[in-house]
Amino acid sequence: MSRVGRRGVVAGLLALAAPARAARRRREDWRGLAGEVRAEMAWAWGEYRRLAWGKDEIRPVSGGASTFPLKGRHLGLSLIEALDTLWAMGLDDAFRDGVAWVRANADWDVDGEVSVFETSIRVVGGLLSAHHACGDPMLLAKARDLADRLLPAFATPTGMPCRYVNLHTGAVRDTATNPAEVGGYLPEWGTLSRLTGDPRYADAARRAVRACFERRSRLDLLAVRIDALTGAWLDRRATIGSYADSFYEYLWDGWQLFGDIEWKVMHDICVNAIMRRQADRRGGRLWFADVDFETGAVLNTREDELAAFFGGLLAQGGRHADGAAYAQSWAAVQARLGVLPEEWDYAAGVPTQLTNALRPELADAAFNLWLLDRDERWRHLAADHFRAMRRWNRAAHGYTDLADVTTKRQADHCPGYWWSEQMKYYWLIFSDTPRFDYRRNYLSTEGNVLLGFRH
Ligand code: IFL
């Protein structure tokens, strides 16, 4: 039985316990709420279509646009990130319109430099999930062409990729990298190898992960910066937050998606060490400290919002109670501030970075927990996340980040992941759509569905 199949069994067992708990909570019309999510997506897509068509990221307050991941030139990032969400929602005309744009305009032969990791999870992943949705070989060909242009970054002595590559020349830059940008490839690149029969993508992804994992400390912890050229650590701080997060997520995912036991072994070693050395239970809440990766000494008690994904990962790896507790820790912050700040000091109980980058991690955790136990409390948590976002982040032309969570002052940027992640998590958790297999599926760190669409 594949790992995904096993998740179905676990979900069935956990679901038996769910109805009693669910009955104590307020009643919601989940399908109605799903309709509201879909309406917001259709409206935001309409604004993007009208004001920023083919641009990377819309500025939802002013109606302008910004570029990412290439400086000064648009690649259609948001459009590509949105595709599988549109399809999952049955917004088929919009999906076809977007695919037609890709066919006519997406061209990766650009003399400019991109982040290898961001381009892979967002653009290669977005094209692969759109391909999974509709089967159009053009989408796979575009994904492969782009991955071929990222591959030169992996030609280092360690196998860990440099952070940036020029899409036209293949010139690489910046060997001072981090676990997330080293280990964040296998789901997309393994899928690419499976679909094309070309093993180079999966091989490069595997080699990079192993190189980083093999350099873990005697406590089985990874630090947050590493040199791709020499393999030397450049920092001592172990964190589950930014620059490390996707490494742990993709160890589990390599096992879940491909059933390869090597990834589960690595995942268990890393997560056991994190639980032993970084878990900090205080005031009835579970948090994770940043610690010295060799001594385990606590360095600080500040957590990135990005770390909120870890609740879902803990539950997927079999630590359901811990995963639920961690998601509830973040839910409590959301209840207190309305929306989550970029960074929170759990010892002091104060936000330490006041911005809100319109991030999806708490909705991601709620979705993964709900897939496992079908407990209505996760739907309620996702509903709170959605309603808070609609209240505070909605602007004239779409959804925007916030400059300050205490005043709710809006900034003017809609990140590409908004289209791929939280809107999809809300939709899938509320809608019970027949287009998605709720027992056998796989969503990447970017929310791209690489397994589980039903036609
Ligand atoms: O791009 C997103 C992805 O989930 C990730 N890191 C951060 C983004 C969303 O906050 O791996």
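Counting starts at 1 for both ligands and their atoms, in listed order.
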Legend entry - atom 6 (N) of ligand 1: the protein heavy-atom neighbour that sits closest, reported with distance to 0.1 Å: Leu306 CD2, 4.0 Å
Legend entry - Ligand-side contact atoms (ligand 1) for residue partner Arg122, heavy atom cut-off under 4.0 Å: 1 (O)
Legend entry - Salt-bridge contact Arg225-Asp235 (side-chain N to carboxylate O under 4.0 Å): no
Between side-chain atoms of residues 394-403 and protein atoms elsewhere (two or more places apart, or another chain), which donor-acceptor pairs fall under 3.5 Å?
| unit_1 | atom_1 | unit_2 | atom_2 | d |
| --- | --- | --- | --- | --- |
| Arg394 | NE | Glu40 | OE1 | 2.7 |
| Arg394 | NH2 | Glu40 | OE1 | 3.2 |
| Arg394 | NH2 | Glu40 | OE2 | 3.4 |
| His397 | ND1 | Glu47 | OE1 | 2.8 |
| Tyr399 | OH | Glu40 | OE1 | 2.6 |
| Thr400 | OG1 | Ala411 | O | 3.3 |
| Thr400 | OG1 | Asp412 | N | 3.4 |
| Thr400 | OG1 | His413 | N | 3.1 |
| Asp401 | OD1 | Asp412 | N | 3.3 |
| Asp401 | OD1 | His413 | N | 3.1 |

Inset, instruction - Give the numbers and elements of all ligand 1 atoms closer than 4.0 Å to a heavy atom of Ser246. - result: 11 (O)
Legend entry - Closest approach of any protein heavy atom to atom 5 (C) of ligand 1, naming residue and atom: Thr445 OG1, 3.8 Å
Legend entry - Quiz item: cation-pi between Arg173 and Tyr164, 6.0 Å / 45°: yes
Inset, instruction - Would you check the N or O atoms of Asp245, main chain and side chain alike, for any that come under 3.5 Å of an N or O of ligand 1? - result: no
Inset, instruction - State if Glu361 counts as touching ligand 1 under the rule of any non-hydrogen atom under 4.0 Å. - result: yes
Legend entry - Side chain, backbone, both or neither: Ser242 near ligand 1, heavy atoms under 4.0 Å: neither
Legend entry - Six-ring centre of Phe213, Arg210 cation under 6.0 angstrom, axis tolerance 45°: no
Legend entry - side chain to side chain contact (heavy atoms under 4.5 Å, CB included) involving His131 - partner list, sequence neighbours excluded: Leu139, Leu140, Leu195
Inset, instruction - Applying side-chain hydrogen bond (donor to acceptor under 3.5 Å, both in side chains) between Glu303 and each of Tyr326, Trp287, Tyr346, report the one that passes. - result: Tyr326
Legend entry - Atoms of ligand 1, numbered as shown, that sit under 4.0 Å from any heavy atom of Glu421: 2 (C), 3 (C), 4 (O), 9 (C)
Inset, instruction - Can you label the angle between the Phe430 ring and the Tyr426 ring as parallel, tilted or perpendicular, going by 30° and 60°? - result: parallel
Legend entry - Residue and atom name of the nearest protein heavy atom (relative to atom 8 (C) of ligand 1), distance in Å to one decimal: Tyr417 CD2, 3.8 Å
Inset, instruction - Return the residue, atom name and 0.1 Å-rounded distance of the protein heavy atom closest to atom 1 (O) of ligand 1. - result: Glu446 OE1, 2.6 Å
